[in-house]
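What follows is a set of notes on a single structure, which appears directly below.
Note: hydrogens, waters and symmetry copies are ignored here, and every other heavy atom, side chains too, is used.
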Amino acid sequence: MASHRRPATSGCDRGAAALCVLSAAAAALGAVPAAHAVPRDGARAELDRLYAQAERATEDYDRADERADRLRREVRDARDHIARTQQRVNSLREQLGSLAGAEYRSGGIDPAVALLFSADPDDYLDKASVLDRIGTRQAGQLRELSGALRDLAQERAEAEAKLGDLERNRKAVAAHKRKVRERLTRARHLLDSLSAADRADYNRSSRSGRPGLTGPGDLDPRAAAALAAARSALGRPYVWGANGPFGFDCSGLMQWSYARAGVQLPRTSQAQRDAGHRVPLSQARPGDLVIYRSDASHVAMYVGDGQVIHAPHPGAAVRYDRVGMLPVSAVTRP
């Protein structure tokens, strides 16, 4: 199915965490009574439609989740930089404070002292009478402090904006997650309404035999390593929003497999479509990415002999299928 999110790092890595979430959702779905019977052909078409919609929503989820990760890193970096700038401001104030102490002890109030309590250092420095009364070194320190205060204010404003973006993005992630679950719930109800024979027929409808294996010497080393990684994932469950190692969505499997080969692919199938150079389907080689549907909502890896390996949809494990199982929109060679 379409692309999806990466696993996190911790006792349950992100793939495992996504698997935990999906398991809970599956348990909840199992408690819902089956829908009324639907004509066989209509049910198959409706299942395909619901899975395609869920895949598109998963792509949106992955994209928003990836952006959330980036925003969290940017916010963390901004806070670190603000802390360093604040230290610089404090240091400059301490330097100027020594001047203030000296002036106080001598009974005078140097303009630099007043600056420490001024809300607008620039305005203070613009006054020629002030510059006449402080030395060159103090003037330079005041200008440096003024610049540091401006930097600090700007960095704080930027950090606040990023925090606002992060909160909006968090809400978008939650909305996309609800869409995925809604469509998967409807698909599960529909699948439960089918007879056991029809369910089995639907699950194997696009399948064909195990493809012929291409020898490692025939492949680019990176493609061979990625293909070996994808094959090692055969039988692992589809988990929307996961990119391994315990579960995968379609783009997550591609990203994880190529990462094992030292190649960093983007997270979503739409972005993976442009992560290399395009080749005609007739010239596809093992390791190439096969992108499906006009919206690029699904991706698989070509393995040769007219076959691909992919994470199909919830309830199905990573498996081989015919390359023409869905409309092909592009073939990309990373």
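- Between Ala233 and Val318, the shortest heavy-atom contact is O-CB, 3.3 Å.
- Minimum interatomic distance between Leu253 and Phe248 (heavy atoms only, all atoms of both residues): CA-CD2, 3.5 Å.
- Taking 4.5 Å as the limit, every side-chain heavy atom of Tyr320 sits out of range of all side-chain heavy atoms of Asp305.
- Taking CG from Leu227 and CE from Met301, the interatomic distance works out to 6.5 Å, rounded to the nearest 0.5 Å.
- Ion pairing between Arg49 and Glu46 holds under the 4.0 Å rule for side-chain N and carboxylate O.
- For the atom pair CG (Asp295) and CZ (Arg273), the distance works out to 8.5 Å, reported to the nearest 0.5 Å.
- Between Val279 and His277, some side-chain heavy-atom pair lies under the 4.5 Å cut-off.
- Under a cut-off of 6.0 angstrom, the local environment of CZ in Arg222 is sparse, with at most 12 non-hydrogen atoms contributed by other residues, nucleotides or ligands.
- Distance CZ/Arg278 to CG/Asp288: 12.0 Å, rounded to 0.5 Å.
- The side-chain hydrogen bond (donor to acceptor under 3.5 Å, both in side chains) check on Arg168 picks up Asp165, with sequence neighbours excluded.
- Under a cut-off of 6.0 angstrom, the local environment of CZ in Arg79 is sparse, with at most 12 non-hydrogen atoms contributed by other residues, nucleotides or ligands.
- Nearest heavy-atom pair across Arg293 and Ser329 is O-OG, 2.9 Å.
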Arg333/Asp220 under side chain to side chain contact (heavy atoms under 4.5 Å, CB included): CA gap, chis, key distance, verdict: CA-CA 11 Å; Arg333 184 164 298 153; Asp220 171 84; over 6 Å; no
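- Residues Thr332 and Val299 fail the side-chain proximity criterion, which asks for heavy atoms closer than 4.5 Å.
- Taking all atoms of both residues into account, the shortest heavy-atom contact from Ala223 to Gly287 is CB-CA, 4.2 Å.
- The CD atom of Glu158 sits 8.5 Å away from the CD1 atom of Ile82 when rounded to the nearest 0.5 Å.
- For the residue pair Arg319/Tyr238, the side-chain donor-acceptor check at 3.5 Å is not satisfied.
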Gln86 and Arg156: CA distance, side-chain angles, deciding distance, side chain to side chain donor-acceptor pair (under 3.5 Å) verdict: CA-CA 11 Å; Gln86 184 66 63; Arg156 283 176 171 161; 2.8 Å; yes
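- A distance-only check finds no donor-acceptor pair linking the side chain of Arg186 to the backbone of Glu182 [under 3.5 Å].
- Using a 4.5 Å heavy-atom cutoff, the side chains of Val303 and Arg231 are in contact.
- With rounding to the nearest 0.5 Å, the separation of CZ in Phe246 from CZ in Arg236 is 8.0 Å.
- Considering only residues two or more places apart in sequence or on other chains, Glu74 meets the side-chain hydrogen bond (donor to acceptor under 3.5 Å, both in side chains) condition with Lys162.
- A heavy-atom distance below 4.5 Å is found between the side chains of Gln307 and Arg322.
- Classified by interplanar angle (parallel below 30°, tilted 30° to 60°, perpendicular above 60°), the ring pair Tyr292/His298 is tilted.
- When every heavy atom of Pro266 is checked against every heavy atom of Gln272, the shortest pair comes out as O-NE2, 3.0 Å.
- Ser269 approaches Ile291 most closely through the heavy-atom pair O-CD1, 4.1 Å.
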